[in-house]
Amino acid sequence: MISFTLNGKTVQVDRSGDDPLLYALRSDLGRMATRFGCGQEQCGACVVLVSGTPRYSCTLPLSDVEDATVATADGLADNRIGTALIHAFEAENAGQCGFCLSGILMRATALLTEHPAPTDDQIAEALDDHLCRCGAHPGIIKGISRAARTLSEGAR
Amino acid sequence: MTDLPMSLKTSPAMGQWMSFEQQGFVTLRTGKVELGQGILTALAQIAADGLGTDLGRILPQSADTDLSPNEGMTVGSLSVEVSGGSIRLAAAQARAALLRAAAQRLDVPLDRVSSEDGTILKDGEPTGLTFWSLSGDVDWSLPVTGDVAGAPNSLVGSSPPRIDLAAKYTGGGFIHDMVIDGMQHVRILRQPSRLARLVAVDEAFLTRRHPAVSVYRKADFLALIGADEYAVEKAMSEADRFVTWDNGTGRWTPPETAEPEVFVQGDATAGAAEAGSKTFVARYSRPNIAHGSIGPSCALAVYDGDRLTVWCHSQGIFELRAEIARCLSLETSQVRVIHAHGAGCYGHNGADDVGLDAAIVAFAHQGQPVRVQWSRSDELGRGPVGAAMSARIEATLSAEGRISSWNMEVSSASHLQRPGANGYINLTSAEALDPDNAPKLIADLPAMRGGGASRNSVANYDFPQHVTVSLDASSPVRTSSLRSLAANLNVFAIESAMDELADLAGADPLAFRLDHLSDPRARAVLTEVADLAGWTKGELGGDGEGRGIAVARYKNKGCWLAAVADVEVDETVRVKRLWLVCDAGLLINPAGALSQIEGGAIQTTSWTLKEAVPVEDGQIPALDWESYPILRFSELPRIETRFIVNPENPPLGAGEATQGPVAAAIGNAVARALGQRMRDLPLSRDRLMAMLLSD
Ligand code: FES
Ligand code: FES
């Protein structure tokens, strides 16, 4: 049994510690927001936060998150930054098919935690390890930038 | 009676389109499928308009061969035009029928009843009646006749948030996320090419190393099956150690190809030999291009001993149903295909193939639900890829600097090998089951229906033209429809040649185009994009910076788009800015159209700068995002888009408008920056270096 904190709750998984976190999330815990896109750390669809840091869950051994804190897009609506991102993405019509978005939103959560007011170039740079085939990039950048503005207004 | 949309002829009854069983909601059925383009939002919007209800009351259903009207495939940019038209008429007639039922119940003349968000008013006062309480009074089997005018378009032109999106990134919503109790996970060990034959499977090795995984083999079709997805994945990663293929190099017998098509506009030879004229010849090409969806194809299926149910993200569930049935020797009625959302779809990708994969495994394991997930490599190279092609243009420029003859020869791999096309199954595993299932004929889509290789091969200019379009089946690589089909390369060729001819005439590329262009809406987008970009005659760059322009009318009958590109070139090409002007008639959902245009422009930039599917010995090697790179966030051009909107003009899909003009504008800009033209796509670093070094 490997236990860790997932979106604020303790969870336990009965699976080899060598298996990637992605399969624990999807197959064992039924948390479907984290996506399989390549399994090779090349697309970013599977990105989650481990103790606040973006990691590729498609290759991250489960044993590496033992007793750690994991955040996935399933839990976005439960926190302030995530909620702001969801509203901002809706307002900007950000995303087309949406398959790339859960990984991108986790990366954005990490970015906004560290840089509350990123420029568009900083956002693009932070997202450079994420692929989007639909060409939804402009809306995604606008969405993150809008979320940053809402958050800073809320903080004032 | 107006001329009815095709889908109303095949599915005429009002009740086939919408029903009111669920209190307060309208179940909307469409044969069109969500491909990540937001079509369900657009169609719901049209239904809400027609019924005069809030958008939130409309529940669009996923297409299902058992329940939905058969509207053919969701392809091209026509979904809104076709399905939208049917739904608009069906909704208007449904509302009229409900109002008539209300008048009857209230025993008043029809003109005293009206409706507001589904509730019935008499003389403007509430009556307690609703669409839902009246629904039982209406005969829903009556056909939609098209002679009831629609409700005013209160919602058309607004951009409500997509109804499907937020749920997707905070949880399930994709087919990949579907779970059926007790389902088994499956990976297919694909043939390295369609000609490869399975020689041996070392099952003892597999059982020893991966006891939780079993194997299913039928001819050259090979599947790994297990309860735990990762266990199956791990077994697949060792396939090289227990599977032996004979790769079949040199075994290709090309299918027959249909006769070349010829299109003639005016007397194309007249100007050829005039005194003082100049001739121009050039050849342009593009390679095979991968669809590259971020979510590899996925399907689920279960066979109950009588019927086979398949969930997949196909663009054409009815066509797929027929071919799955044929492949497994079942009656069509024994197969049910239900659409579920996949990741972005840009044409005929692996979605149908994976549906058959799941069907084959489920059919062999009665009562056992299965889920098939493709790998990244298979998604890039084992589904159909966008067709490689070339176009040769030979033109004459008169002494007055006008194009007096134009001869274009297009040669292309097939853009049309969807399930059932030309009478063949056209599914990859069908060939694994029996190589004889391979198509024996390649033919194009008729030009009337937009063409395939011929799409946009006739230039939208006034000069006389002679165009020949031939199909080339010499490569065993499986090709089919990718966004815009041949319009990408044909427009690239035409608009590159226009720039080259403008140079030959010593004219400004914009002025030269306008001199040969009488189509008013084409002129309008071109002039407006030039204004937007601040086009200055004679200032087109050089020394590593360049600006290019291009225009096309998609399919010669769809929407108009003009583009200006600014590029920087050193060891690579960077597209700094794009200006786009589009005339797509009435905009149903402006934000949706904008994201189609900008998304299309970004994808085209990626194709143009980077993308080529490698082919070695007639086979596509294993691919990943390193060997097949696409445009990244840091490489995005800044894009400015404007629409020319005239609500009087009927809506035209915008999803495939950019593939030609954006590629061409970039190509023209690169030629200005380098002072030398690259005519073979992609304009990649490798190509660029090779050209610079050969000087
Ligand atoms: S799935 Fe992990 S990076 Fe692509
Ligand atoms: S929205 Fe489809 S891949 Fe990004």
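All chains are named by letter (A, B, ...) in the order of the sequence lines, taking the proteins before the strands, and each is independently numbered beginning at 1.
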Do you know which two heavy atoms are closest between [X] and [Y], and how far apart they sit?
X        : Y        : result
B:Asp624 : A:Gln42  : CB-OE1, 3.3 Å
A:Leu127 : B:Phe633 : O-CD1, 3.3 Å
B:Ser606 : A:Arg133 : OG-NH1, 3.8 Å
B:Glu233 : A:Tyr23  : OE1-OH, 3.7 Å
B:Tyr169 : A:Leu101 : CD2-CD1, 3.4 Å
A:Gly135 : B:Ile602 : O-CD1, 3.3 Å

Using non-hydrogen atoms only, which part of B:Ala227 is less than 4.5 Å away from chain A: side chain, backbone, both, or neither? neither

Does any backbone or side-chain atom of B:Leu631 lie under 4.5 Å from a heavy atom of chain A? Answer side chain, backbone, both or neither. backbone

What part of A:Ile140 gets closer than 4.5 Å to chain B, counting heavy atoms only: side chain, backbone, both or neither? side chain

Tell me, for A:Arg31 versus chain B, whether the close heavy atoms (under 4.5 Å) come from the side chain, the backbone, both or neither. neither

Please rank B:Gly173, B:Pro296, B:Gly172 by heavy-atom pairs under 4.5 Å with chain A and give me the top one. B:Pro296

Residue from A:Glu125, A:Arg15, A:Arg35 scoring the most non-hydrogen pairs under 4.5 Å with chain B is A:Arg35

Among A:Gly75, A:Pro20, A:Cys100, A:Gly82, which residue has the highest count of heavy-atom pairs closer than 4.5 Å to chain B? A:Pro20

